[in-house]
Q: 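I'd like to ask you about the structure that follows.
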Amino acid sequence: ARELNPNFLSDERDVDALFASVKKTVGIFETQPLRDSVGFFVPPSGIDKLCGKVQGANDRDFWECYIRNTMSGHAHPVGTCKMGPANDPTSVVDNRLRVHGVRSLRVCDASIMPLVTSGNTQCPSIMIGRKMTTYKWFRRMHEVLDIVKKAS
């Protein structure tokens, strides 16, 4: 089986940016109004066994360990099968959702979006699926499936 590896944090600049964000966030929580009402960051259970005890906002070792061990892709990834012209070496499908150079294979999900939308990807994904249903071959395929289903 193939593995899809998004290479999260493979560029050290990503870790640096996240550490800077953590420092800023922890700094905000350490201000008097928030410290009194909210308290301090409480790490997830068990992270101290892996990363040690947090020593504050500037504890680079702890925060880098925390970042690397809690990073995940909760967003809606797009662009793994980018739509574009056949002469674009980074594109995978054309504007009719056909995979370049592969006969009878189409992709109709969020992966064809060249860039992530500014909002949730659900509506654009529904639109992409709807576009697929407008093709005659798709309707014919479903007619054949309905006939087979009724016959069995």
Side-chain angles (χ1 to χ4, degrees), residues 1-135 137-138 141-142 145:
R2 294 184 186 257
E3 178 182 318
L4 179 63
N5 182 353
N7 290 319
F8 289 139
L9 308 176
S10 60
D11 187 324
E12 197 61 31
R13 293 173 295 185
D14 294 334
V15 177
D16 293 341
L18 287 169
F19 178 62
S21 298
V22 164
K23 280 176 47 174
K24 184 70 127 175
T25 302
V26 171
I28 291 169
F29 274 88
E30 288 177 341
T31 62
Q32 191 64 41
L34 285 177
R35 187 176 48 231
D36 292 345
S37 63
V38 177
F40 185 67
F41 168 80
V42 177
S45 177
I47 198 77
D48 56 329
K49 292 182 179 96
L50 187 60
C51 300
K53 189 166 172 58
V54 63
Q55 300 299 316
N58 293 313
D59 185 355
R60 172 76 187 216
D61 290 338
F62 172 84
W63 290 113
E64 183 170 341
C65 176
Y66 176 83
I67 289 165
R68 289 191 182 279
N69 286 285
T70 59
M71 179 67 178
S72 64
H74 293 289
H76 303 277
V78 303
T80 56
C81 294
K82 176 183 166 185
M83 180 176 17
N87 64 356
D88 177 355
T90 65
S91 73
V92 177
V93 300
D94 66 13
N95 64 351
R96 295 190 61 206
L97 310 176
R98 298 175 298 197
V99 174
H100 299 305
V102 181
R103 188 175 154 94
S104 300
L105 180 61
R106 296 179 189 241
V107 176
C108 63
D109 60 21
S111 67
I112 70 158
M113 293 186 246
L115 300 170
V116 69
T117 59
S118 60
N120 191 294
T121 59
Q122 181 180 2
C123 286
S125 296
I126 291 169
M127 181 193 68
I128 292 164
R130 179 72 180 117
K131 178 179 173 72
M132 180 66 82
T133 66
T134 64
Y135 296 120
W137 66 266
F138 184 85
M141 179 185 71
H142 276 276
L145 289 174

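Below, each value reflects all heavy atoms present in this structure, side chains not excepted, and no hydrogens, waters or symmetry copies.
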Q: When you compare the side chains of Ser91 and Lys82, does any donor N or O come within less than 3.5 Å of an acceptor on the partner?
A: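 No pair is found: no donor N or O on one side chain lies under 3.5 Å from an acceptor on the other.
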
Q: Under a 4.5 Å cut-off applied to non-hydrogen side-chain atoms, are Leu115 and Val78 in contact?
A: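 No, every pair of side-chain atoms sits at 4.5 Å or beyond.
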
Q: Tell me, with the steps shown, if Asp59 and Lys53 meet salt bridge (charged side-chain N to carboxylate O under 4.0 Å, His left out).
A: CA-CA 10 Å; Asp59 185 355; Lys53 189 166 172 58; over 6 Å; no

Q: Locate the shortest heavy-atom distance separating Asp94 from Arg96; write the atom from each residue and the value.
A: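 Answer, listing the atom of Asp94 first, then Arg96: OD1-N, 2.8 Å.
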
Q: Going by the rule disulfide (SG to SG under 2.5 Å), which residues pair with Cys51 if we only count those two or more places apart in sequence or in a different chain?
A: Cys65

Q: Look at the aromatic rings of Trp63 and Tyr66 and report parallel, tilted or perpendicular, splitting at 30° and 60°.
A: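 Ring orientation of Trp63 relative to Tyr66: perpendicular.
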
Q: Okay, side chain of Thr31, backbone of Gly27: is any donor-acceptor separation there less than 3.5 Å?
A: no

Q: First locate atom CE of Met113, then atom OG1 of Thr80, and finally report the distance between them rounded to the nearest 0.5 Å.
A: 10.0 Å

Q: Quick one, Pro85 and His100 - any side-chain contact, counting heavy atoms below 4.5 Å?
A: no

Q: Mind checking whether Arg98 and Leu105 have side chains closer than 4.5 Å, heavy atoms only?
A: no

Q: Please evaluate residues Asp11 and Arg13 with respect to the criterion salt bridge (charged side-chain N to carboxylate O under 4.0 Å, His left out), reporting the C-alpha separation (whole Å), side-chain torsions for both, the decisive distance (0.1 Å), and the verdict.
A: CA-CA 5 Å; Asp11 187 324; Arg13 293 173 295 185; 2.5 Å; yes

Q: Tell me the closest heavy-atom pair linking Lys23 and Asn58, and the distance in Å.
A: CE-OD1, 3.3 Å

Q: Which pair of heavy atoms, one from Leu97 and one from Cys108, lies closest together, and at what distance?
A: CD1-CB, 3.9 Å

Q: Please enumerate all residues that pass side-chain hydrogen bond (donor to acceptor under 3.5 Å, both in side chains) together with Arg68, with sequence neighbours excluded.
A: Glu12, Glu64

Q: Is a salt bridge present between Asp16 and Arg60, judged by a nitrogen-to-oxygen distance below 4.0 Å?
A: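 Salt bridge present between Asp16 and Arg60.
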
Q: List in chain and number order the residues that pass side chain to side chain contact (heavy atoms under 4.5 Å, CB included) with Asp36, two or more places apart in sequence or in another chain; answer none if no residue qualifies.
A: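 Side chain to side chain contact (heavy atoms under 4.5 Å, CB included) check on Asp36 returns Gln32.
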
Q: So which heavy atom on Thr117 is nearest to which on Gly119, and how close?
A: OG1-O, 2.8 Å

Q: Look up atom CD in Glu30 and atom CD1 in Ile28, then write down how far apart they are to the nearest 0.5 Å.
A: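 Going from the CD atom of Glu30 to the CD1 atom of Ile28 covers 10.5 Å.
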
Q: For residues Asp109 and Ile128, determine if any side-chain heavy atom of one lies less than 4.5 Å from a side-chain heavy atom of the other.
A: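 SC-SC contact between Asp109 and Ile128 ruled out.
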
Q: Under 6.0 Å from the six-membered ring centre of Phe29 and within 45° of its axis: does the NZ or CZ of Arg35 meet both?
A: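 No, Arg35 does not sit over the ring of Phe29.
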
Q: Are Val93 and Arg106 side-chain neighbours, meaning at least one heavy-atom pair lies under 4.5 Å?
A: no

Q: For the residue pair Leu9 and Leu18, establish whether any side-chain heavy-atom pair is separated by less than 4.5 Å.
A: yes

